[in-house]
Amino acid sequence: MSAALVLDGATQDEARSMLERCCGASRWVTAMLARRPFGSDERLFTVADTEWARMERGDVLEALTHHPRIGADLEELRMRYGATASWAAAEQAGAGAANETTLLALRDANVRYEARFGHIFVVCATGKTAAEMLALLDARMSHTPDVELAVAAAEQAKITKIRLEKLS
C-alpha cells in the first residue's frame with residue numbers, strides 16, 4: 001500500500017503519530033493533517049515539500065530537536081527518540097561502522113557545530129559513511145548561521161521524504 005493511502009486510511013491520531021515520526025515540526029504535522037486526503041504518493045510528497053517550504057525558523061529548529069546527534073550510540077537513540085530510533089539508527093548506519101578515531105572526530109565536530117550554530121548537525125545520512133558525514137560537517141562550519149539553517153532545513157526535507165516513503 002502506498003504511503004499516501006496509509007495516511008489517508010488512518011484516524012486523525014494515527015496519522016498525526018505517523019507524520020510526527022517523519023518530521024518533528026508540529027506546525028508541519030498540523031498542516032499535513034489539514035491537507036488529507038492525499039490520494040497518491042506523488043501528491044503526498046508535493047504537499048510535504050510545499051508545507052515544509054512554509055515553515056519558519058522556529059519550525060525548522062523544532063524539527064531538528066527530534067534528531068539524535070550523528071554518531072550517537074544506540075542506547076541514546078533508544079532512550080531519547082523511541083518512536084524514530086530504529087529509523088535513525090538505520091539512516092546513520094554508516095557511523096556505526098566507523099573506527100574510533102573517526103567517531104571521536106565526529107563527536108568533537110558535533111560539539112563545535114552546536115556551539116557555532118545553536119542546533120545539532122543534521123544531514124540526510126542514508127548511504128553515507130561516518131567519514132563522509134564528518135567531511136560534510138566540517139565543510140558546513142564555514143556557513144553563516146542563516147545559510148546553515150537553510151542547508152539543515154533542506155536536509156530535513158530529504159529525511160522527511162525518506163521517512164514518508166517508509167510508511168507504505
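A quick note: this is a predicted structure, and the numbers were derived from the prediction, not measured.
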Can a donor-acceptor pair be found, under 3.5 Å and without considering hydrogens, that links the side chain of Arg57 to the backbone of Leu149?
no
Under the side-chain contact (heavy atoms from CB on, under 4.5 Å) rule, collect the residues that match up with Ala31, sequence neighbours excluded.
Glu51
So, Trp28 side chain and Ala48 main chain: donor-acceptor pair closer than 3.5 Å or not?
yes
Quick check: does any side chain N or O of Thr46 sit under 3.5 Å from a backbone N or O of Glu42, one acting as donor and the other as acceptor?
yes
In Å, rounded to the nearest 0.5 Å, how long is the span from CE of Met18 to OG1 of Thr11?
7.0 Å
Sequence neighbours left out, what passes side-chain contact (heavy atoms from CB on, under 4.5 Å) with Ser142? Give chain and number order.
none
What distance separates Asp49 CG from Thr160 OG1, expressed to the nearest 0.5 Å?
9.0 Å
Indicate whether the side chain of Gln156 and that of His67 have a donor and an acceptor atom separated by less than 3.5 Å.
yes
Hey, what do you get for OG1 (Thr102) to CD (Glu132), rounding to the nearest 0.5 Å?
11.5 Å
Distance from Glu56 atom CD to Arg27 atom CZ, nearest 0.5 Å?
4.5 Å
Please report the closest heavy-atom contact between Ala3 and Ser168, naming both atoms and the distance.
N-CB, 3.4 Å
For the pair Arg112 (side chain) and Asp138 (backbone), establish whether a donor and an acceptor sit closer than 3.5 Å, ignoring hydrogens and angles.
no
Taking Glu114 for its side chain and Ile120 for its backbone only, find out whether a donor-acceptor pair lies under 3.5 Å.
no
Looking only at heavy atoms, the pair that brings Phe38 and Ala4 closest together is CB-CB, 3.9 Å
Please find the pair of heavy atoms, one from Asp59 and one from Trp52, that lie closest to each other, and give the distance.
O-CH2, 4.4 Å
Using side-chain heavy atoms (C-beta onward) and a distance below 4.5 Å, is Arg36 in contact with Gln12?
yes
side-chain contact (heavy atoms from CB on, under 4.5 Å) for Arg16 and Thr30? Distances and angles first, verdict last.
CA-CA 8 Å; Arg16 176 178 301 283; Thr30 299; 3.9 Å; yes
Using atom types as modelled and distance alone, determine if a side-chain donor or acceptor of Glu62 lies under 3.5 Å from a backbone N or O of Ser26.
yes
Heavy-atom closest pair (Ala152 atom, Leu64 atom, distance to 0.1 Å) is CB-CD1, 4.1 Å
If we only count heavy atoms from C-beta on, is the Glu148 to Val151 side-chain gap below 4.5 Å?
yes
Atom pair OG/CG of Ser2 and Leu7 - distance to nearest 0.5 Å:
8.5 Å
Expected output: side-chain Arg116 to main-chain Met141 donor-acceptor under 3.5 Å:
yes
Locate the shortest heavy-atom distance separating Gly39 from Asp8; write the atom from each residue and the value.
N-OD2, 2.8 Å
Quick one: closest heavy-atom pair of Val6 and Leu167, and the distance?
CG2-O, 3.4 Å
Please report the interatomic distance CG(Leu137) to CZ(Phe121), rounded to the nearest 0.5 Å.
4.5 Å
